[in-house]
Amino acid sequence: MADQKRTMERLVIFGATGDLAARMLLPSLYFLDADGLLPPTMKVVGSARSNLDRETFVEHVHAVLKARSEGLDEAVWKRFRERLDYCPADVTTGAGLKGLAEHLGGASTIFFLALSPSLYGAVCKALDEAGLACGDCRIVLEKPIGHDLASSRAINAEVGAVFEEKRVFRIDHYLGKETVQNLLALRFANTLFEPLWNNLAIDHVQITVAETEGVGDRWPYYDEYGALRDMVQNHMLQLLCLVAMEPPPDAGADSVRDEKVKVLKSLKPFSRTTAHQLGVRGQYRAGVVEGKQVPSYAEERGGETGTETFVALRADIENWRWAGVPFFLRTGKRLPERRTQIVIQFKALPHLIFGERAEEDVTANRLVIDLQPDEDISLLLMNRRPGLAGNRLQALPLSLSLNDGGRRRIAYERLLLDVIADNPALFVRRDEVELAWAWIDGISDTWSDLSIAPKPYAAGSWGPAGAFALLERSGRAWLDE
Ligand code: BG6
């Protein structure tokens, strides 16, 4: 039977009074409504344990939206508030969801689980028991799916026992970022780059996700995960996959995801003999970030811990395209600036014809893809300095700017729209999540086998010295300018 796409009539947010809903989900839905992109009759039903009435929830949403810098458009708010509804529930038991089931009255529903991943299995079971896991209902899961391969498999199996894979939308919000999608356009809508996109022309790749924020109040979650599991397992490996994957036959969800899976399968595992050379863990001490004195991670959480807040890794992709091209990944909290960036560093010139003085001017070509704080793509090209001062060269960044002057969308806007439209292309498939965990487990297991503890770094610095040595060992350096 053909798979009928029914209009979704309800979007239920479990955890509707929590942080993710306030920062991302409710504002995204409001902005989609402002642009006329939500199905006209779709209701947004908040659900949480608290026994609120609808009016109190509406007031909460109003306060959340009002507090944002964009300001609230009264006409849009009037429309949006009509969509809002609230129904308390205990999501962990079928009985606890009975009230919600009656409230929804059999409508096609998207369930967004803005909850701890440890509850995903129980919630799916409870939805099933309450008769809410109907044929075309969809479920949206936030990262992290598990803590390692075994726990992720267990969660995926529990979810899969109730919802078939095509109804499961695993969010990695990096995939909703405009520049990340543009990376695919850049690679596969231009003839220029693809012939050079390999180990013949590319020297190495750097992926940096630097944050100035500390862990702060999130430490009870973060302490269990650390930077490796919180950022590398998902966001950074997704970026690596999109840079490294082969051209898919089309942009369809499974075509792209099949190619990402091949990259994950080609990642060289860490071993006891390589762990020290290929990875660096760090943890911030007190320091100064953006001119402000900030405490150490240990002070924030009230005691010493072995969790890393910084990680730098060298990843090698063992296939024909990338053999010999290291991918350097680095992420951390309390770094000097907020920056999410991918740098594709091309190889040096094979021979310079412009004489000795020009030698010091030459920089190898570089494609810089900025995701944050600004979205931009620029290509560093060499150029001749104008004038009569002989053959002197200069490096000029050619901006392929993405800024169309419009409002910068929240990544969740794209993703929520895609769940509503039943388009899973920007969501992570089960095999991707599990392969990513398998590689990450290889790293964390060697770290614990070899008792590799995080090295201290001052807040406001670019991490421990080992992060620099990681590149220096092969004669390279982080591009921090
Ligand atoms: C989340 C992590 O997934 O991504 C956070 O749990 C991190 O620790 C955040 O701060 C970064 O997202 P963005 O979009 O601000 O780069």
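All figures in this text were calculated on a predicted structure; none of them were measured in a lab. All ligand and atom numbering here is 1-based and tracks the order in the structure.
Between Lys333 and Glu213, none of the side-chain N atoms (NZ, or NE/NH1/NH2) sits under 4.0 Å from a carboxylate O, so this pair counts as no salt bridge. Between Arg170 and Glu165 there is a salt bridge, since a side-chain N of the basic residue sits under 4.0 Å from a carboxylate O of the acidic one.
Ligand 1 lies within reach of Tyr174, whose nearest heavy atom is under 4.0 Å from it.
The aromatic rings of His173 and Tyr412 lie parallel to each other, with less than 30° between the two planes, well short of the 60° mark.
Atom 10 (O) of ligand 1 has its nearest heavy-atom neighbour, among Gln372, Glu142, Glu211, Lys177, in Glu211. Comparing Leu20, Asp230, Val209 against atom 6 (O) of ligand 1, the shortest heavy-atom distance belongs to Asp230. Across the listed options Arg23, Arg218, Met24, Arg338, Arg218 owns the non-hydrogen atom lying nearest to atom 5 (C) of ligand 1.
Residue-level proximity to ligand 1 for Glu213 is absent, since no heavy atom of it falls below 4.0 angstrom.
Close approach to His173 involves these atoms of ligand 1, each under 4.0 Å from a residue heavy atom: 3 (O), 4 (O), 12 (O), 13 (P), 14 (O). Taking every heavy atom of His235 and a limit of under 4.0 angstrom, the matching atoms of ligand 1 come to 1 (C), 3 (O), 4 (O). Against a heavy-atom cut-off of under 4.0 Å, Lys333 is close to the following atoms of ligand 1: 5 (C), 7 (C), 8 (O), 10 (O). Close approach to Lys143 involves these atoms of ligand 1, each under 4.0 Å from a residue heavy atom: 1 (C), 2 (C), 3 (O), 6 (O).
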